[in-house]
Amino acid sequence: MVNVKFFGIARLKFKEKEIQIEAGTVKELCQAIADRYSVPFKDVKQFLIYVNGVNIVDLKTFRTPLKDGDNLMFLSPSSGG
Amino acid sequence: MLDYSALKEKTILVVGCGGLGGYVINGLARAGVKKLIIMDGDVFSVSNMNRQLLSGNKTIGRNKAEVYAEFIKENLGIDIECHSEFFGETNASVIDDCDLVMDCLDSVKDRLLLSSECSKRGKIMIHGAIDEEQGQLMICRPEDKNIGRLFRNSTDFEGHKTVCFAVETIAALQVSLASKVLSGNADEYFGKIVVVDLESTSVLILNM
């Protein structure tokens, strides 16, 4: 199980701050989140995604492997002022 | 050691005089900038009163930029130039007259336009945004593409309420980052996003 924290609009939309979920890669995780909250996969993919504090663009993007205990952040930016 | 003396010689443009903009204007004026240029076409309304600094019974219906300009001139004596209009392509040249731009807007579309114009005109922009108790900040240099990455396919989130203390926090951090940029002490923040979560009372600094 990996730990996922939601930030910004992701948290406001899903109405949860933190969940634990099974996934072997970031792509699988995105699909699991899309299924859990009944949102399109492409919407989840748009979030900024961090694995243990590292942006997935600096890892293997959606092919980044995940292991038990990994900490992920999904951030969708605020736009209010 | 904090050194804000660089602000005394600088002109800062604040685009948006709503929640963030009001506290940013207040913070920069009191920090002692040489000049402020402020811009907003909106007027104060009753719904602003929970979080916008100078919104109140006596300012409802008045243009926000004019109210702030009046207050700053009468009370703090800072040189201030007021534009009672919304930022757009036709008046973007206002950016040319400043040393730094503060993004205090409230929509994705407007923020991307401002960022694009700042890039074209070679100006650094300090992005700040807030929804309810969460927000983020970024220093956007002209060569950075991070604001586009941040907001790719994003839309504005409707139906939320933003609390005053969250607005003040993001605005204070924007002023802090502006001070760092203008005094040459912001290198460690380039290429990063500052994520503020007041629900957990946390601030994270992450690579974009």
Side-chain angles (χ1 to χ4, degrees), chain A residues 2-21 26-27 29-31 33-34 37-66 69-81, chain B residues 15-22 24 40 51-52 102-112 127-138 146-147 149-162 166-167 170-171 174 191-193 195-197 199-200 202 204-208:
Chain A
V2 298
N3 305 309
V4 180
K5 285 188 179 176
F6 297 119
F7 287 85
I9 304 302
R11 186 186 300 177
L12 298 180
K13 269 189 182 166
F14 300 153
K15 295 182 171 44
E16 288 198 72
K17 203 158 88 172
E18 188 169 358
I19 59 171
Q20 291 185 315
I21 201 163
V26 169
K27 185 178 176 182
L29 178 60
C30 290
Q31 187 61 64
I33 289 172
Y37 299 106
S38 302
V39 296
F41 173 70
K42 65 177 177 58
D43 287 0
V44 180
K45 273 185 69 177
Q46 298 303 328
F47 294 160
L48 289 179
I49 302 173
Y50 294 82
V51 180
N52 299 324
V54 181
N55 194 319
I56 62 168
V57 301
D58 295 323
L59 299 168
K60 294 185 177 179
T61 64
F62 295 97
R63 293 173 290 114
T64 303
L66 301 175
D70 276 345
N71 292 303
L72 285 98
M73 291 175 49
F74 278 67
L75 169 68
S76 184
S78 301
S79 62
Chain B
V15 184
C17 301
L20 288 176
V24 165
D40 200 325
R51 69 196 183 283
Q52 297 196 15
M102 307 297 282
D103 168 17
C104 298
L105 290 162
D106 63 359
S107 79
V108 173
K109 177 168 157 283
D110 291 337
R111 291 175 186 281
L112 290 174
H127 160 71
I130 183 78
D131 279 307
E132 296 200 8
E133 290 186 66
Q134 301 173 79
Q136 74 276 340
L137 303 100
M138 253 185 351
N146 289 333
I147 200 82
R149 284 180 58 201
L150 179 66
F151 283 114
R152 62 178 181 182
N153 298 314
S154 288
T155 55
D156 299 322
F157 185 71
E158 303 293 335
H160 59 278
K161 292 178 192 230
T162 295
V167 171
I170 297 292
Q174 274 188 281
K192 305 270 172 76
I193 180 170
V195 178
V196 178
D197 178 7
E199 203 179 338
S200 313
S202 68
L204 300 171
I205 301 174
L206 302 164
N207 286 332
M208 265 305 292

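First the proteins, then the strands, lettered A, B, ... as listed; each starts at 1.
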Who are the ring pair (Phe, Tyr, Trp, His ring centres under 6.0 Å) partners of A/Y37, not counting sequence neighbours? A/F6, A/F14
Output all residues satisfying salt bridge (charged side-chain N to carboxylate O under 4.0 Å, His left out) with B/D197, sequence neighbours left out; order by chain, then residue number. A/R11
So which heavy atom on B/G128 is nearest to which on B/R111, and how close? O-NH1, 2.7 Å
Please look at A/V57 and chain B and tell me whether the side chain, the backbone, both or neither of the residue comes under 4.5 angstrom of a heavy atom of that chain. side chain
Side chain / backbone / both / neither for A/K17 at chain B, heavy atoms under 4.5 Å: side chain
Can you tell which part of B/E199 gets under 4.5 Å to a heavy atom of chain A, answering side chain, backbone, both or neither? both
By a 4.5 Å heavy-atom criterion (distance strictly below it), what part of B/I170 contacts chain A: side chain, backbone, both, or neither? neither
Heavy-atom pair count under 4.5 Å with chain A, highest-scoring of B/D103, B/L105, B/V196: B/L105
If I measure from the heavy atoms of chain B, does A/F7 come under 4.5 Å with its side chain, its backbone, both, or neither? both
Under 4.5 Å from any heavy atom of chain A, what part of B/R152 do you find: side chain, backbone, both or neither? both
Which answer fits A/K5, side chain, backbone, both or neither, if we ask what part of it has an atom under 4.5 Å from a heavy atom of chain B? neither
Between A/N55 and B/M208, the two heavy atoms sitting closest are ND2-C, 3.3 Å
Is there a donor-acceptor pair closer than 3.5 Å between any side-chain N or O of A/N3 and the backbone N or O of A/Q20? no
Can you name the nearest heavy-atom pair linking A/G80 to B/L20, along with the distance? O-CD1, 4.1 Å
Under a 4.5 Å heavy-atom cut-off, does chain A meet the side chain of B/V195, its backbone, both or neither? side chain
Do any N or O atoms from the side chain of A/S79 and from the backbone of B/V108 form a donor-acceptor pair under 3.5 angstrom? no
